[in-house]
Amino acid sequence: MAAPAGPAWHVLGAGSLGLLWAFHLRRAGFEVTLWMRDAEAVKRFVASGSRVHLQELWRGSPTPAWLPSEPILAAAAAHPPSPAPDSATVTSLGPSPIRSSLPFPHQPSCPQQHQQQPIHRLVVATKAPDTLAAVRSVLPLLAHGCRCILIQNGALAVVDQLRAHLGGELGLENPGSGGPSGPGEAAAASAVPRPVMASAADGMDTGRGAAAAGAAGVDGAVDSRGDEGRGRGGGPRVRLYVGSVTHGCYRGFPQAQEGAKPAAPSRATLGSPSAGAGGVAPAYSVVHAGLGSVAVGPLASLHDDASPARVKPVSVPDGGSAGAALPGEHDGRGHGHPASDQADGGARGADDDARFLSRLAASLPGLCLRPDLPPGGLLRELRAKLAVNCAINPLTALLGCRNGALAEQEHSRRLMRRVCVELVAVFGPDAFEAAAPAPAPAPVPAAGEAGQDMRQDGKGAGAQGAGDGIAVEERSREACHGAGPHAPEGPGGPPAFRGVGSAAAGAEERGGAADGQGPEPQRAASVAAAAALYERVLAVAVATGRNRSSMLQDVAAGRPTEADYLSGWLVREAGVRGVATPVNATLYELVKAREALAAGAGAD
Ligand SMILES: CC(C)(CO)C(=O)C(=O)O
């Protein structure tokens, strides 16, 4: 393959999502640097050949081959491990679990490579609890105007946290570039002391020494405007985008678990995992088990719902290199200029965002990016994703099952429905994107690219060839809509589910207004919204049926989970709004207890 063309991308975090993005960015021809936790991880990656391998299990049988990427650069972000669970976080209706799990013992970053290379394009794929520390660790290298995409679970909570702790540095303080302004966020922003950092503008010595000096130097090198008038209310340092990911993926077994035992598989809970997803995974491999999509938009679109321009689709000219820098945009190699400020509030920034995202979507067909969201769509998507994660993740982690197993029996379906009912009670019936559109069909790999391997060995989608495009598309749609034995069928769910639990949950959910003809229109709207949300959750469980949720993987590996950023955040928001969420609170406490047990706290 020829030398990478187009701007360089950096991916922060080498978990399953980070590897998935790194693979697709590299396949699209970008230079990619994968930021790992420490120098040891970088060494292991380089020793393994500096490649990421992908298996697209969602394509079905025969088991698709492992696709190797072209070599990927690696660097150490040197961010500290996730914090140990804080006892304060266990008080579900107490102070913000997120706030109380902070501050992380921050270490100044000491990148092993790329000391002089500013970052212009960054995907932040770290777990939610690691994100603040990870972003801090690369902060000195972020060029002014850097495009930064957050893709982790719990994005609403993560945005709250970044804004409260790094708002000035990232340029998120200005209301024109901020995130959602829920009560939780407002409380967090005012209550949490913000770390002080140096900038070229204020010249403060913060004691961060070389790291702070590096920030000014790097920015100065690429942007003669430096940080003047920015940060602290003067405009954004980064252009922040938020993605809501519904792909199901997990690290290939040998490397993913790194010493930890995977949850014991049982026939009842695991279904029929692909043999290829077993112990033969190459180093740094990711299994894309369920095809979903990535709804993505600028952070500003979370609060500026009334501006369709922010998310309007922009067509990509035929034959244009999707990797090329946009007019007026820095190309990461010293040409061009950083994009205009996102805080300009004008159409220029919005158009620039829309064009950037559309081009990116065109470059990465295998990730099914959806930038063309309607006004308010991103926030609704993120809340729906929160529902997916509040329902699927704790249940799979507690039951030790793959996602699909949740759709297979009434008890877990009923619990998922209760989770959705509570989310609608907290945020209201209009707060969610009920149905995710089918993802675009995944591409047949291009000749000369990694996909050749698939054609050579006669397996996988490449072997199915272009003639299988319809089949692939049907599988994609099927996956997204949850067609199959457990597909939701109308507001009541599949026939086998209709009426199940009506005494316990159905009566409460439907009241006298199941058909929308009751005397309480608001209640009927909530019932309908909860049913639609539940259908979406169920569809994701089916579409990612062969996936082991990230929380299940965390629990199995003895790692802290993202519970504080999912159920924990929801329960706290509910508390602020005076809404009871007993099912979510219970799931939260159980996951935290499971975490503590895994960490040895409760061992005999
Ligand atoms: C969509 C889902 C549930 C896929 O497993 C996920 O986001 C996760 O595992 O964290």
Side-chain angles (χ1 to χ4, degrees), residues 6-7 9 120-124 142-151 155-156 158-159 162-163 167 170-181 185 223 225 229-231 233-244 293-317 320 322-332 336-364 367-383 433 437:
W9 275 89
H120 291 273
R121 296 184 174 198
L122 178 69
V123 177
V124 182
L142 298 187
H144 179 78
C146 170
R147 298 192 191 268
C148 175
I149 309 180
L150 300 175
I151 56 167
L156 290 169
V158 167
V159 165
L162 288 178
R163 211 170 177 213
L170 296 175
L172 308 179
E173 283 180 325
N174 187 316
S177 59
S181 48
E185 176 206 285
D223 177 7
R225 294 180 301 173
R230 295 190 172 76
R237 164 130 179 234
V238 303
R239 299 180 71 85
L240 204 56
Y241 305 88
V242 188
S244 168
S293 64
V294 185
V296 61
L299 179 69
S301 68
L302 287 181
H303 70 89
D304 189 6
D305 291 352
S307 169
R310 290 195 182 278
V311 289
K312 79 176 179 208
V314 172
S315 61
V316 180
L326 299 168
E329 179 185 26
H330 200 287
D331 70 357
H337 303 283
S340 59
D341 290 345
Q342 62 188 359
D344 63 6
R348 196 160 62 116
D351 281 350
D352 174 82
D353 285 336
R355 201 165 24 236
F356 164 71
L357 291 176
S358 292
R359 286 195 165 206
L360 188 61
S363 296
L364 308 175
L367 287 181
C368 303
L369 298 195
R370 293 193 289 118
D372 50 344
L373 303 170
L378 182 61
L379 186 54
R380 290 199 300 274
E381 285 285 351
L382 290 172
R383 285 185 179 143
E433 202 68 44

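The residue from L382, L150, L172 that alone fulfils the side chain to side chain contact (heavy atoms under 4.5 Å, CB included) condition with V159 is L150. Among the candidates V242, D353, V238, the single residue satisfying the side chain to side chain contact (heavy atoms under 4.5 Å, CB included) test with L299 is V242.
Qualifying side-chain hydrogen bond (donor to acceptor under 3.5 Å, both in side chains) partners for E381, counting only residues two or more places apart in sequence or in other chains: R370, R536.
Interatomic distance, R380 CZ to L378 CG, rounded to the nearest 0.5 Å: 10.0 Å. Distance check, rounded to the nearest 0.5 Å: CG of L142 to CZ of R147 gives 14.0 Å. For the atom pair CG (L357) and CD1 (I149), the distance works out to 6.5 Å, reported to the nearest 0.5 Å.
The nearest pair of heavy atoms linking S301 to P298 is OG-O, 2.6 Å.
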> Should Y241 and L360 be marked as a side chain to side chain contact (heavy atoms under 4.5 Å, CB included) after you check the CA-CA gap, both sets of side-chain angles, and the distance that decides it?
Replying inline: CA-CA 12 Å; Y241 305 88; L360 188 61; over 6 Å; no
